[in-house]
Amino acid sequence: GADNVTVHNASASIRVYTPSLEVREISNNPKVIAGDPVSFTVVVTNDGDCVLGDVYVDNQFPDGLTYTGFDGANWTKEGNRFKYSGNLKPGESVNYTLYFNTSHGGQFVPNVVAGSNLTSNDTAKAYSENVTQVLTPEMSVAKVSDKSVVKMGDKVILTKTVKKKNKCMLGGICVIYEL
């Protein structure tokens, strides 16, 4: 406005976007025996209201899992960072699968952190579905005699006891006795 001028008002609306993403990790093999291969699927979801670009996931592989490869459309690997080459639309999810060999027993969850051009980092939540338990089958065998001293011709009863040492189910156990 000004002197001798009619006052005019103007307004403009501004759309404010809320970019957001979520990353999940799913164990494809919840229980295995040490030495078996395992895999985890990493899922990134745009749960915001705008398109995300430069989507990435950083992975930390725990001791006991040896990385052997991955597959996923439009994903590339640079060190331990996986980059998605497309744009992620609101409500859309993309994924890739990591493959490992197991070297010893334990509970394993590769740690993943995701981000994009418009979001800060998001760490995969501790869902029950993202843990792989690697079991190491172990057993002990004990042999006990009913006598500590025997003479030639005496009858001796030998008892062998086989025990498992952990929670791993064992099957097809065979005991071979040699004198």
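Below, all heavy atoms of this structure are taken into account, side chains as well, without hydrogens, waters or symmetry copies.
Minimum interatomic distance between Val32 and Asn29 (heavy atoms only, all atoms of both residues): CG1-CB, 3.7 Å. Closest heavy-atom contact between Asn46 and Pro90: ND2-N, 3.5 Å.
In this structure, a donor-acceptor pair under 3.5 Å is present between the side chains of Ser20 and Asp47.
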- [ ] Quick one: do Ser116 and Leu88 satisfy side chain to side chain contact (heavy atoms under 4.5 Å, CB included)? Show the steps, please.
- [x] CA-CA 10 Å; Ser116 75; Leu88 196 55; over 6 Å; no

- [ ] May I have the step-by-step check of side chain to side chain contact (heavy atoms under 4.5 Å, CB included) for Val42 and Phe70, ending in yes or no?
- [x] CA-CA 10 Å; Val42 177; Phe70 85 99; over 6 Å; no

TODO: Determine, step by step, whether Lys77 and Tyr67 satisfy the side chain to side chain contact (heavy atoms under 4.5 Å, CB included) criterion, reporting the C-alpha distance in whole Å, the side-chain angles of both residues, the deciding distance to 0.1 Å, and the verdict.
DONE: CA-CA 12 Å; Lys77 181 180 183 300; Tyr67 174 78; 3.2 Å; yes

Open item on the list: If you apply the rule side chain to side chain contact (heavy atoms under 4.5 Å, CB included), what do you find for Val113 with Val23, and how did you get there?
Closed with: CA-CA 7 Å; Val113 176; Val23 61; over 6 Å; no

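Partner Tyr99 forms a side chain to side chain contact (heavy atoms under 4.5 Å, CB included) with one of Asp71, Thr66, Val38, Asn28 and no other, that one being Asp71.
In this structure, Thr41 contributes its side chain and Ile26 its backbone to no donor-acceptor pair below 3.5 Å. With Asn117 contributing its side chain and Gly53 its backbone, the two residues share a donor-acceptor pair below 3.5 Å. Between the side chain of Thr102 and the backbone N or O of Pro37 there is no donor-acceptor pair closer than 3.5 Å. At distances below 3.5 Å, not a single donor-acceptor pair connects side-chain atoms of Asn111 with backbone N or O atoms of Gln60.
For NZ of Lys147, the number of neighbouring non-hydrogen atoms (other residues, nucleotides, ligands) closer than 6.0 Å is greater than 12.
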